[in-house]
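Data block below; observations after.
FYI, the numbering just counts along the sequence from 1. Quick caveat, the model's predicted, so the values are computed rather than measured.
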Amino acid sequence: DEIVVKIENSPFAAGAMRECFAMKKLASISSSWKKSANYVAKRCQLVKANRLQVYLDDIKLQMDAKHFGEEFNKLQPPKQIDVIQCYLVEFHERANSPVYCVEHLVEGNYIKYNSNSGYVTDE
């Protein structure tokens with residue numbers, strides 16, 4: 001599917017593996033940018049990696065987590081789990097056709113409790 005988006009030139013956050021860019025997506029051509037949804041577009045920073053495969057692996061992992069969360073919710077826990085759906089966006093009209101992993105922006109403060117390199121917060 002083709003979509004119309006605006007994406008910031010500079011990341012608003014970065015980690016060891018990804019940079020995060022603010023992005024907006026029009027719901028339809030007749031929509032206004034003010035009413036369009038906010039997204040996060042994540043770009044892989046791993047230079048030697050097969051970036052497309054990294055994105056596909058991330059999406060599969062996230063969708064597996066969503067499935068297991070739905071199965072867990074069937075047990076009616078006191079707090080239910082939901083995992084945000086993500087997808088790929090390719091900017092085929094830009095040089096080198098960059099690809100991003102995109103998901104809806106979750107508003108609010110973000111606290112990182114752990115990392116892929118073994119960091120765990122004391123909180």
Side-chain angles (χ1 to χ4, degrees):
D1 294 344
E2 291 208 6
I3 58 174
V4 178
V5 302
K6 284 185 179 182
I7 186 168
E8 294 289 327
N9 291 324
S10 300
F12 67 85
M17 295 179 64
R18 294 172 196 82
E19 295 176 305
C20 299
F21 297 82
M23 188 181 97
K24 285 190 160 289
K25 182 182 113 181
L26 282 181
S28 67
I29 298 300
S30 61
S31 300
S32 79
W33 286 110
K34 287 184 180 182
K35 295 180 180 179
S36 62
N38 293 317
Y39 289 81
V40 175
K42 298 177 182 181
R43 182 171 66 190
C44 178
Q45 297 190 96
L46 304 175
V47 177
K48 295 182 180 180
N50 176 346
R51 289 184 179 160
L52 181 58
Q53 191 58 53
V54 169
Y55 293 128
L56 294 173
D57 290 346
D58 281 353
I59 290 170
K60 182 179 181 328
L61 182 64
Q62 199 157 334
M63 293 303 90
D64 285 348
K66 185 169 187 68
H67 167 75
F68 288 121
E70 289 168 354
E71 291 298 311
F72 177 77
N73 291 340
K74 289 178 184 177
L75 301 173
Q76 300 180 336
K79 290 189 176 185
Q80 298 225 328
I81 295 172
D82 189 20
V83 177
I84 298 170
Q85 189 166 354
C86 60
Y87 52 93
L88 286 179
V89 172
E90 179 183 11
F91 291 87
H92 59 85
E93 294 179 0
R94 292 188 181 181
N96 301 319
S97 299
V99 177
Y100 294 79
C101 187
V102 175
E103 59 190 42
H104 279 279
L105 175 67
V106 177
E107 299 288 343
N109 293 330
Y110 176 77
I111 300 170
K112 189 163 187 143
Y113 290 101
N114 59 25
S115 74
N116 294 332
S117 61
Y119 165 79
V120 178
T121 186
D122 293 333
E123 289 185 41

To the nearest 0.5 Å, what is the distance between [atom1] on [X] and [atom2] on [Y]?
X	Y	atom1	atom2	result
Glu93	Glu2	CD	CD	7.0 Å
Gln53	Asp58	CD	CG	10.0 Å
Gln45	Glu19	CD	CD	4.0 Å
Ile3	Glu90	CD1	CD	11.5 Å
Met63	His67	CE	NE2	12.0 Å
Lys6	Leu26	NZ	CG	8.0 Å

Quiz item: Looking at Cys20, Cys44, Cys86, which hits side chain to side chain contact (heavy atoms under 4.5 Å, CB included) with Cys101?
Solution: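 In the set Cys20, Cys44, Cys86, the residue that makes a side chain to side chain contact (heavy atoms under 4.5 Å, CB included) with Cys101 is Cys86.
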For a quick test of reading the model, state the closest non-hydrogen atom pair linking [X] to [Y] and the distance between them.
X	Y	result
Glu103	Gln85	CB-O, 3.8 Å
Tyr119	Thr121	OH-CB, 3.4 Å
Ser36	Trp33	OG-O, 2.6 Å
Phe21	Pro11	CE2-N, 3.4 Å

Quiz prompt | Whether over 12 other heavy atoms sit under 6.0 Å from Phe91 CZ | solution =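 Check passes, neighbour count above 12.
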Quiz item: Are more than 12 heavy atoms from other residues, nucleotides or ligands located less than 6.0 Å from atom CD of Glu71?
Solution: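 Count over threshold, so yes.
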Could you tell me whether the side chain of [Y] reaches within less than 4.5 Å of the side chain of [X], counting heavy atoms only?
X	Y	result
Asn38	Lys24	yes
Tyr55	Arg43	yes
Asn73	Asp82	no
Val40	Phe12	yes

Linking I/L/V/M/F/W/Y whenever their side-chain heavy atoms sit closer than 4.5 Å, directly or via other members, would [X] and [Y] fall into one cluster?
X	Y	answer
Val89	Tyr39	yes
Tyr87	Ile7	yes
Ile59	Leu52	yes

Self-check item: Check: Gln62 side chain, Val83 main-chain N or O, donor-acceptor pair, under 3.5 Å
Solution: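 Answer holds: no.
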